[in-house]
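Remarks on the structure that follows.
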Amino acid sequence: MIKHIKSIVSVLAVAFLVYIFTFYIDGEMGIILLAFVAFAPLVSLFFMAYARKRVKVTFNCDAYVQKGSTLLVTITIRKKGAFPLGIVEICPYATEIFAQNIMNRKLTMLTEEKKSFTFELNAVVGGNGEVGIKAVYSCGFLGFMKKKILTPLPQPVSVGVIPEIPEIKASSQLFRSIAETVLTSDEDEENDTAMLFSANTAPGYEHREYIHGDPLKRINWKLSSKKAKLMVRLDEAAASVQPVIVLDLFRRQSVSAANAVRGEEQLLRSVFGLLNLLIKQGIACSFVYRSGDGTTVCESVDNPDYPDQLLLKVLAVKVVPEVRVDIRQSGSSACSCIIATTDAGTGFSELSDFIEDPDSACIIGLSAAAVNTSQLAMWYLDEENNFKMV
């Protein structure tokens, strides 16, 4: 608005000077200048209108970037026809996970068929974000006329900013609690298996010695410690001793996006720090999260390399306000359920009501001050990367 006012003031100042020149200095030259001043806006209007249908804008950038680094975005402008364009103004944008120091760019095209320029975005918060172009204007060369182009704008692009995942120590109380639950479940299954052996007189039917390539989730750690060698299950009972981690990136409409993304980053750091530790310690997990098409996905994680791939999948999904993950997809045979949520306040019962055994379930929240409307125990990751119970 201020720029438009400055342009109008400049035109009025020129008109005033032409008036003074015409009537008080040189009348003939003043008439020529007056004709030019009157004709110039018409030429500017023509250039503006001409370019509205003859400009196509595209852009490209990487799908992922590490937090603390820069994302390079390249914008390309193409024109149709050989006639020169006046001024084209491009207005890019990026969501709150990037620094909001984004400037509009103006350029003109004479004989070139296309022009490109690159700008940088600083990734300041881990999570899913969006980069796009909110508007492209065709401007008159006098500076006070501009209209949006009529050709379609490119679709925005989803970009994942990869946060730094902390290394959680095996001495963490939350990890020890989960590990103890898994071992207890192993012991219960071992007793059930022993009864099955005596009934079927077919020892070894349920377990065998570990072979390279067997999934870690099928290792019976309790039995392995007794036999001093790794033993794997041969049936589907493994799922019952596999803890489930549920990721609930819930965002309320009333919370500003700038504040919400920081909480979501903290939760991602907590969840994947714990997941990495569990897998490194040989405890396979089921991981439940919301996918890009809105459905809830449950994946088994038993490979030390897979958490990094899973993080990229999560970062590719846009957070939809007021939508929670569907915990019913996690199954009902888990020995332990950990619900990681950004908001355990009003409406959290949508998740907690589906917990069959509250004693084997807990919550990972954002901080000690996080609201918890359920009866489940809540943990949070402190500044020293230790899990503490609220």
Side-chain angles (χ1 to χ4, degrees), residues 63-69 97 123-129 158-179 182 216-217 242-251 260-292 296-319 324-325 327 329-330 334 336-344 362-367 370 378-388:
Y64 297 96
V65 63
Q66 198 75 33
K67 178 184 175 181
S69 59
I97 63 171
V124 294
V125 181
N128 175 266
S158 174
V159 178
V161 174
I162 305 171
E164 182 181 352
I165 304 302
E167 185 174 345
I168 310 298
K169 297 179 181 178
S171 59
S172 167
Q173 189 176 350
L174 175 58
F175 167 75
R176 292 169 61 185
S177 174
I178 297 172
V182 172
L216 292 178
K217 66 180 180 180
Q242 197 168 306
V244 173
I245 299 178
V246 180
L247 179 62
D248 179 42
L249 293 173
F250 181 77
R251 183 186 297 184
V261 294
R262 296 193 177 277
E264 291 157 9
E265 178 190 26
Q266 173 64 11
L267 192 68
L268 290 173
R269 295 178 71 252
S270 305
V271 168
F272 281 92
L274 176 62
L275 184 60
N276 281 334
L277 175 60
L278 289 170
I279 302 304
K280 288 178 181 178
Q281 295 297 320
I283 300 177
C285 305
S286 293
F287 189 82
V288 180
Y289 65 100
R290 184 177 168 276
S291 65
T296 298
V297 178
C298 180
E299 296 194 33
S300 180
V301 187
D302 57 11
N303 187 317
D305 296 327
Y306 194 58
D308 290 340
Q309 301 175 35
L310 197 55
L311 175 59
L312 297 183
K313 289 185 179 182
V314 171
L315 292 176
V317 180
K318 182 178 180 180
V319 177
R324 291 192 182 273
V325 69
I327 197 174
Q329 300 296 321
S330 63
S336 177
C337 182
I338 303 98
I339 304 176
T341 182
T342 50
D343 191 327
C362 65
I363 300 171
I364 295 179
L366 299 182
S367 68
M378 176 178 281
W379 299 78
Y380 72 97
L381 190 68
D382 66 10
E383 295 180 353
E384 298 179 354
N385 296 327
N386 293 318
F387 280 105
K388 291 186 177 180

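Heavy-atom basis, side chains included; hydrogens, waters and symmetry copies ignored. Keep in mind that what you see is a predicted model, and the values were worked out from it rather than measured.
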Tell me the closest heavy-atom pair linking [X] and [Y], and the distance in Å.
X      : Y      : result
Ala316 : Tyr64  : CB-OH, 3.5 Å
Ile168 : Leu381 : CD1-CD1, 3.6 Å
Val246 : Cys337 : CG2-SG, 4.2 Å
Ser270 : Phe387 : O-CZ, 3.5 Å
Arg290 : Val325 : N-CG2, 4.1 Å
Ile338 : Pro243 : CD1-CB, 4.4 Å

Is it true that [Y] and [X] share a donor-acceptor pair across their side chains at a distance under 3.5 Å?
X      : Y      : result
Tyr289 : Glu299 : yes
Gln242 : Ser286 : yes
Ser158 : Asn128 : yes

With a 6.0 Å cut-off on ring centres, are Phe287 and Phe272 close enough?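 Close enough - the centres of the two rings lie under 6.0 Å apart.
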Show the numbers, then the answer: is there a side chain to side chain contact (heavy atoms under 4.5 Å, CB included) between Ile339 and Ile364? CA-CA 6 Å; Ile339 304 176; Ile364 295 179; over 6 Å; no
Tell me, with the steps shown, if Val288 and Ile327 meet side chain to side chain contact (heavy atoms under 4.5 Å, CB included). CA-CA 8 Å; Val288 180; Ile327 197 174; over 6 Å; no
Check whether any side-chain N or O of Ser172 sits under 3.5 Å from a backbone N or O of Lys169 as a donor-acceptor pair, and report yes or no.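 Not a single qualifying donor-acceptor pair exists.
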Determine yes or no for a side-chain-to-main-chain donor-acceptor pair under 3.5 angstrom, with Gln281 supplying the side chain and Asn276 the backbone.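 Checking the backbone N and O of Asn276 against the side chain of Gln281, no donor-acceptor pair under 3.5 Å is found.
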Is Glu164 salt-bridged to Arg269, cutoff N-O under 4.0 Å?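 No.
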Tell me, do [X] and [Y] make a side-chain contact under 4.5 Å, heavy atoms counted?
X      : Y      : answer
Ile97  : Val124 : no
Leu174 : Lys388 : no
Val314 : Leu268 : yes

Between Lys67 and Ile162, does a side chain to side chain contact (heavy atoms under 4.5 Å, CB included) hold up when you go through it step by step? CA-CA 6 Å; Lys67 178 184 175 181; Ile162 305 171; over 6 Å; no
Give, for atom [atom1] of [X] and atom [atom2] of [Y], the distance between the pair rounded to the nearest 0.5 Å.
X      : Y      : atom1 : atom2 : value
Leu277 : Phe175 : CG    : CZ    : 4.5 Å
Glu265 : Leu366 : CD    : CG    : 11.5 Å
Ile165 : Leu275 : CD1   : CG    : 9.5 Å
Leu267 : Tyr380 : CG    : OH    : 15.0 Å

Audit row: Leu247, Leu249, side chain to side chain contact (heavy atoms under 4.5 Å, CB included) steps and yes/no: CA-CA 6 Å; Leu247 179 62; Leu249 293 173; 4.1 Å; yes
Quick check on side chain to side chain contact (heavy atoms under 4.5 Å, CB included): which of Leu278, Ile178, Asp302 does Cys285 satisfy it with?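 The single option meeting the side chain to side chain contact (heavy atoms under 4.5 Å, CB included) with Cys285 is Leu278.
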